[in-house]
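Right, one structure below, let's go through it.
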Protein chains: 2
Amino acid sequence: MTGPSITIKDVAALAGVSPATASRVLSGNPATSAESRQKVAAAVAELDFHPNAQARALRSTRTNVIGLLLSDVRNPFFADLAHAAEQAALAEGLVTLLGNANESIPQQDRYLDTFISQRVDGVIAAPQGEGSSSLHALLERDIPTVFVDRTVDGVDVPSVTTDSDSGIRQAVEHLARQGHERVGYIAGPQSTSTGRDRLKSFSRAAREFGLSTDPALTYIGDFQSASGSAGAHHLLGLAQPPTALLAADSPMAVGALATLNRKGLRIGHDMALIAFDDIEWFSLLDPPLTVISNDVEAMGRTAVRLLLEVIDGHKPESVVLPSELVVRASSGTPDPSLGQP
Amino acid sequence: MTGPSITIKDVAALAGVSPATASRVLSGNPATSAESRQKVAAAVAELDFHPNAQARALRSTRTNVIGLLLSDVRNPFFADLAHAAEQAALAEGLVTLLGNANESIPQQDRYLDTFISQRVDGVIAAPQGEGSSSLHALLERDIPTVFVDRTVDGVDVPSVTTDSDSGIRQAVEHLARQGHERVGYIAGPQSTSTGRDRLKSFSRAAREFGLSTDPALTYIGDFQSASGSAGAHHLLGLAQPPTALLAADSPMAVGALATLNRKGLRIGHDMALIAFDDIEWFSLLDPPLTVISNDVEAMGRTAVRLLLEVIDGHKPESVVLPSELVVRASSGTPDPSLGQP
DNA sequence: CGATTCCATGGAAACGATTCCACGACGTCG
DNA sequence: CGACGTCGTGGAATCGTTTCCATGGAATCG
C-alpha cells in the first residue's frame, strides 16, 4: 500500500553523512559541525522526513508523551482542565494522550494499562474510587504520576487540588448574612476526595455560621446533572424546605436549575442557588449564577509542572489552589436596591 | 531509577517456551498449543507483564492508536464528539490521541506532525482553514484520514458531516410561520465548510419562505461566544432590527443570549432565538431554547467506522447525517395558549 | 507401511532510531 | 618535537517485539 517510509538512513545518504551524525543533528547534539547540520537539515526538508517516534522511544526510553486521565470530558470543568494541561504540556514539548475514564473503574484501568504499554513519560490523573489495581501497577513501576483535582487516600503522590474549604466557607457565610437559615447541600459522591472534603467543609461552616444542621438538608449526588435534578426535587419536597441551595459541582447545579425552572421557582428570588465551579455561561444566565470559582487554568498548568519535577526525579510538594466566592445575582440579596455601584 | 523492565523474554523463560511462542500467544495467533497458552498466561500474570507498545509497533507497523484532531475541546459540541469517537474507538481496541488545534493552524500542524511521527493508524480531523501543509503531508503518506463535521475543498477524503440544510430550512420555515419577517443570522467563519454551508442554506431558505434578504441581517462570527455577543449587539442596533435570531453554533448562541439578557430582552417573548447544535442545558434555560439538533454520538461513531474502512483499504462513501429542528419555547409562539397537549 | 501434510515450535533477522566506542585530524602545551 | 586533549565522525550494538524460515514429530493418506 504505502511505499517504504523514509528513514534516517535515507536522510544520511542524501546528506552524505552517517546515520549516527544525522541522528545527532536531529536531536540537537552539540557534537556536530555546522556543515553537517546544514546538509542534514537540507536533506530532511528535501525528503520531508518525520522520525519514527516508536524507534526513537524504544532506544531512548523517552517518549515525550504524557497520559491525562479524566473522569468525564463532557463536564466543562474537566474539558477546561484538559485544555489547560494540554497547552501547558505542549509548551514543554510533550504531547498529551487523553483518556476518558467515563466514571467507570474498568475503563480507567484500561486506559492506565494503555499508558503503561505506551511507556508514557508520566501520568496526570483525576482518580476514580479507591485506587484501582492498575493505579497500583502504575506506581509499582515508578511511572511518574501526579493527581489532579482529586486524591486517593493512602496513596502518596504529589497532587494539585482546590482548597474547597475557603470557597465553601465564604458561600455559607454569604448565605447566612442574607438571612438564610436552611441551606440545602447537593453533595458529590463520597467515593471521591472532593466529594468528601466539600461535604465536610459545608457541615463545618454551617455549624460555625449558625445554619441548620438538619441532616435531611444534605443530598448525596454523583457529580452528574441528573442527580442535581433529583437532589433539588428531594430538598424542595421536605416538610421544611431550604431557602437556598449549594451544589458541589456545575453539572449538578445545572440539574438543580432545571428542577427549579420546572417548578416555576426563580433563582435569586424564590430560591438562592450557588454552584461550585465557574462555567463561562453561568454568568450569562438570568439572573447570573453566584459561584465558587477556582482557577482551572492554573490547575492544569501546575499539574504539568509538578509532573515534570517528578519526571526529573524530584519529589515536589503538593499544591493547593484557592477557591473564592464570586457573588452574582442568584444568591438572593433580600433588598434588590443594594446593587452594584 | 526504575529497574530493567520485564520483557517478553522473561515471560518466555518463566513459561519455558521461546520468545516466538510467547509472542504468538500474546497476539492471539492460533498456531499455539493449549499448554503453551496456559503457561504463558500464567507467566504474564505472575510477572504482571505489559508488552512494550513501541517495540511492537516498530516491528508490526500497527500502533492501534488513532489521532483525533479537533478545533476546540471546550466547545461542548466537540467535547461530545470527542467522547463519542473515543468510546467507539475503544470498542474497536483503538486508543485515541486527542489533539486540540485550538483554532490555530500552527497548532493543528504541530499535532498532525506528531500524529505522523507517532505513526498513528489513522486520523479523524475537523480541519481548520484551507488545507495546511501538514494536512497534505498526511495525505501524501497515505495515512488513513477522515474528516468530521467539516471538510476541505479540493481534498478528496471521506467525511461525516451534518446536513445543515434541512435543519436550517425547518428553522426558517418555523420562524416564518410564527410571523417573523426579519431574521438575523449569526454566521460561522467563512473559512470553514460548515460556516459557508450554513450561511448558504439560510440565505436560500430566507428567500424561499419570503423573509427579508437584507444583507445587513447577516453577521459573520467565528464560532466563539464573544462573536455571538457582538453579532447580537450589531443586529439589535440596526435601524430595522430583526425579531428573531439564528446562531450557527452553540457558543455564539450563548453569546447572543448574554447580550439579550444585558439589554433586558426576554427570549421567546421580545426576541426569538434558535441555536444550531443542541447542548444538554439549553433545554434547562428559562424559557428552553429551540435548537437545530444533530446526533453527535452518531457522528463520532460513524467517523470511527469510516476510518476503519479506510484503514482496511476501502474507500467508503461519505456520510451526511440529518439535522432537525427541536421546537422549544425560545422561538416565540405568538399565542402562548398553543402549548403542548 | 512409507510418503505427504500439518502443526507447534525455536532460532534469527528485522523494524528505525540512539549511543557507545574507536578513530583520525587538529591544535596546544610542556 | 612528541604527547595529549578535543572534536567531529562512522561502525556496530542495542532497545523489545514480530515474523520468516526451518525443523521435527504426529497424524493422515494411498
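A note on names: the letters A, B, ... follow the listed sequences, proteins ahead of strands, and every chain is numbered from 1. FYI, side chains are in, hydrogens and waters are out, and symmetry mates aren't considered; it's all heavy atoms of this structure.
In this structure, Ser60(A) does not reach the dC15(D) phosphate: none of its side-chain N or O atoms is under 4.0 Å from OP1 or OP2.
Looking at His83(A) and Asp72(B), their side chains never bring a donor and an acceptor atom within 3.5 Å of each other. With 3.5 Å as the limit, one finds no donor-acceptor pair spanning the side chains of Gln87(B) and Glu297(B). Inspection of the Arg37(B) and Thr32(B) side chains reveals an N or O donor paired with an N or O acceptor under 3.5 Å.
At distances below 3.5 Å, not a single donor-acceptor pair connects side-chain atoms of Ser134(B) with backbone N or O atoms of Ala137(B). Formation of a donor-acceptor pair under 3.5 Å by the Asp121(B) side chain with backbone atoms of Thr63(B) is found in this model. Counting only distance, with no hydrogens or angles, the side chain of Arg119(A) and the backbone of Ile116(A) share a donor-acceptor pair below 3.5 Å. Remark: the backbone N or O of Lys9(A) is paired with a side-chain donor or acceptor of Thr7(A) at under 3.5 angstrom. Side-chain atoms of Ser60(B) come within 3.5 Å of backbone N or O of Arg56(B) as a donor-acceptor pair.
In this structure, the CD1 atom of Ile6(B) is 15 Å from the C1' atom of dT17(D), given to the nearest Å. Rounded to whole Å, the distance from CG on Asp10(A) to P on dG16(C) is 9 Å. Protein atom CD1 of Ile8(A) is 12 Å distant from nucleotide atom P of dG10(D), rounded to whole Å. In this structure, Asn64(B) atom CG and dT18(D) atom P are separated by 11 Å, rounded to whole Å.
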Name the pairs: protein N/O against N/O of nucleotides 21-23 of chain C, kept only if under 3.5 Å.
none

Heteroatom pairs (N/O) under 3.5 angstrom, protein to nucleotides 22-26 of chain D:
none

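Closest of all the heavy-atom pairs between Asp10(B) and Ser5(B) is OD2-O, 4.1 Å. Nearest heavy-atom pair, Val11(B) versus Val44(B), reported as atom, atom and distance to 0.1 Å: CG1-CG2, 3.9 Å. Nearest heavy-atom pair across Leu70(A) and Ala82(A) is CD1-CB, 3.7 Å. What you find for Leu306(A) and Glu317(A) is that their closest heavy atoms are CD2-O, 3.8 Å.
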- Message: Does Phe115(A) form a side chain to side chain contact (heavy atoms under 4.5 Å, CB included) with Leu69(A)? I'd like the steps, not just the answer.
- Response: CA-CA 9 Å; Phe115(A) 289 167; Leu69(A) 184 79; 4.2 Å; yes
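Proximity of residues 25-35 of chain A to DNA chain C (heavy atom under 4.0 angstrom from any strand atom) is not detected for any residue. Non-hydrogen atoms lying under 4.0 Å from DNA chain D are contributed by Ala20(B), Ser23(B), all within residues 15-23 of chain B. Within residues 41-59 of chain B, the residues approaching DNA chain C are Leu58(B), Arg59(B), by heavy-atom distance under 4.0 Å.
Using a 4.0 Å heavy-atom cutoff across all strands shown, Thr61(A) reaches no nucleic acid atom at all.
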- Query: Once Watson-Crick and G-U wobble pairs under 3.5 Å are found, how is DNA chain D written in dot-bracket notation, 5' to 3', with | for any base paired to another strand?
  - Reply: ||||||||||||||||||||||||||||||
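For the pair Thr194(B) and Asp149(B), the minimum side-chain heavy-atom distance is below 4.5 Å.
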